Number of protein chains: 2
Amino acid sequence: MSTIGRRATTTAATRRGIIDAARELLATRDWQHFTIEAVANRAGVTRVTVYNQVRSKRGLLDAVLTDLVDRAGMDQLLTDTQHLSAGDACAAIVQRTCVFWHSERELLRTLFGLAAVDHDVASILKQREEWRRKQLHSLVRRLAAESTPALADADVLAGVTAVTSFVTYDALGAIADEPDRAALLLTHLVRSLTD
Amino acid sequence: MSTIGRRATTTAATRRGIIDAARELLATRDWQHFTIEAVANRAGVTRVTVYNQVRSKRGLLDAVLTDLVDRAGMDQLLTDTQHLSAGDACAAIVQRTCVFWHSERELLRTLFGLAAVDHDVASILKQREEWRRKQLHSLVRRLAAESTPALADADVLAGVTAVTSFVTYDALGAIADEPDRAALLLTHLVRSLTD
DNA sequence: GACTCACTATACAGGCTGTAAAGCGAGAGG
DNA sequence: CCTCTCGCTTTACAGCCTGTATAGTGAGTC
């Protein structure tokens, strides 16, 4: 352990290569041709190696997803915006959410699509959505403290969650190509629910 | 051709059976086990018969989708609401849309999920979404004539389309179990964009 | 009564998944 | 320097699903 795992480094690199290859192929949204062999070829590696790193095709999706969450770096979104006014915090949260949706749009579209069809993928995404929901719950409480919404609390939260979800963002079509513009639109919607 | 195709009737029935079986299996959202053989078994028919009716697995999805559109009966939504005031027409259109999303929620979730992953399914759904968009365009024009929206026309239309999309409806979670309640929420959002 | 045509039964090629086993070769460790 | 470890490669295999082909059966048609 002199060079602190030169071997470990290379295996980590091949794992990275596999995950990146999977990311790229998933972004093409061609599930038909998303095979372990295709991923292996793109990563310059054997099929067996892929099975070695990730147990199965689902394991591969799992790896891509957790990797995606890691690079998201949205964890401290709430604390980052604590010092802002409720309105500004709302705008900031929506904006950063949009930027993230936009940055990985193709990949996310595939993953959320698969979640509608595969219970395993769904359960992984569900965890993340639950986290997002909690964050939004805090935000909604802050906003509601400054005004009296016309709708029931449960409806407001559900509405805000839906409006700021990836699928809604993606449904904006061409507008979603400009995250800042989309953020303004979505912020408008969120405020209409909470004011 | 005396009894007007007694044979034709039975073959139409088997086709119905196949499509219904496919609908039911798709609603379980288990793509993994959605095989031609499973559909055939559920329809009480041989695998070969399924291939006879629909050319392939994609052909089966196509058949399910066009069947779904047929039973939707949303074609005259716009003319039905022409005599109403703009605001009432908006509420009615959103409400009927929600009822439809709700009536086939599980199946639609699967189909829209697949569309994110399969270009063929996507292109079929795209046609329907284009139609919906046109309907909403008319509605937005009527609403905008009565007020001056704060947002650009393109943003308003994109927002309304997204907010009334199936995926957003489905993202409402438990609220989507009560289509009328969801309709009120979504109408609120649509109005906030157009007022 | 002969014919049509949808359905059945069976078989086959091709592709993808996942597992197993043997060999290689660079890195780790004494 | 010499040995051992361990990730990667190659090859092989069983199982499942898709899609196609072929021959047979039996109820509906004319």
Side-chain angles (χ1 to χ4, degrees), chain A residues 1-22 24-26 28-65 110 114 117-121, chain B residues 1-22 24-26 28-65 110 114 117-121:
Chain A
M1 208 190 276
S2 51
T3 46
I4 314 182
R6 183 157 171 179
R7 185 140 83 186
T9 307
T10 65
T11 83
T14 65
R15 187 184 174 84
R16 262 255 61 79
I18 289 169
I19 292 178
D20 286 342
E24 292 163 21
L25 286 181
L26 284 172
T28 67
R29 295 172 53 206
D30 191 352
W31 185 248
Q32 206 64 202
H33 298 123
F34 181 75
T35 68
I36 298 286
E37 185 142 34
V39 172
N41 285 339
R42 183 170 261 262
V45 137
T46 319
R47 199 162 63 87
V48 179
T49 302
V50 177
Y51 279 107
N52 240 358
Q53 286 291 340
V54 299
R55 224 175 164 38
S56 64
K57 204 167 181 178
R58 282 184 169 164
L60 178 55
L61 291 177
D62 204 302
V64 169
L65 242 155
T110 303
L114 285 177
V117 130
D118 184 308
H119 296 291
D120 284 359
V121 178
Chain B
M1 207 190 280
S2 50
T3 45
I4 314 182
R6 182 156 171 180
R7 185 141 80 186
T9 306
T10 65
T11 84
T14 65
R15 187 184 175 84
R16 262 255 61 81
I18 290 169
I19 292 178
D20 285 343
E24 291 162 22
L25 286 181
L26 283 172
T28 66
R29 295 173 51 207
D30 191 353
W31 184 248
Q32 207 65 204
H33 298 125
F34 181 76
T35 68
I36 297 287
E37 186 142 33
V39 173
N41 285 340
R42 182 169 261 261
V45 135
T46 319
R47 199 163 62 87
V48 180
T49 301
V50 176
Y51 279 108
N52 241 357
Q53 286 290 342
V54 300
R55 227 175 161 34
S56 64
K57 206 167 181 179
R58 283 185 169 164
L60 178 55
L61 290 176
D62 203 302
V64 168
L65 242 155
T110 303
L114 285 177
V117 131
D118 183 309
H119 296 292
D120 284 0
V121 178

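All values derive from a computational prediction rather than experimental measurement. To find a chain, count down the sequence lines: A is the first, B the second, and so on, and within it residues start at 1.
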Checklist entry - Which nucleotide in the set C/dG18, C/dA9, D/dT9 lies at the smallest distance from any side-chain heavy atom of B/Val48? => result C/dA9
Checklist entry - Which part of the nucleic acid, if any, lies within contact of B/Thr14, taking any heavy atom under 4.0 Å across all strands shown: a base, the sugar-phosphate backbone alone, or nothing? => result sugar-phosphate
Checklist entry - Can you check the A/Glu37 CD to C/dG14 P distance for me, whole Å? => result 16 Å
Checklist entry - Is B/Thr11 touching bases, backbone alone, or none of the nucleic acid, heavy atoms closer than 4.0 Å? => result sugar-phosphate
Item to check | Along DNA chain C (nearest heavy atom to each residue), the more 5'-positioned of A/Thr10 and A/Lys57 | outcome: A/Lys57
Next on the checklist: Quick check on D/dT9: is either OP1 or OP2 less than 4.0 Å from any side-chain nitrogen or oxygen of A/Thr49?
Outcome noted: yes
Checklist entry - If you measure from the Lys or Arg side-chain nitrogens to the Asp or Glu carboxylate oxygens, is any gap between A/Arg16 and A/Asp20 under 4.0 Å? => result yes
Item to check | Candidate nucleotides D/dC8, D/dT20, C/dT8, ranked by approach to the side chain of B/Tyr51 - the nearest | outcome: D/dT20
Checklist entry - For B/Thr35, which contact category applies under a 4.0 Å heavy-atom criterion: base, sugar-phosphate, or nothing? => result sugar-phosphate
Checklist outcome for this item: On DNA chain D, more 5' by nearest nucleotide between A/Gln32 and A/Arg47 is A/Arg47
Checklist entry - Rounded to whole angstrom units, what separation is found between the CD atom of A/Gln53 and the P atom of D/dC6? => result 15 Å
Checklist entry - Taking the side chain of B/Arg7 as its heavy atoms from C-beta onward, which of D/dC8, C/dC5, D/dG19 lies nearest to it? => result C/dC5
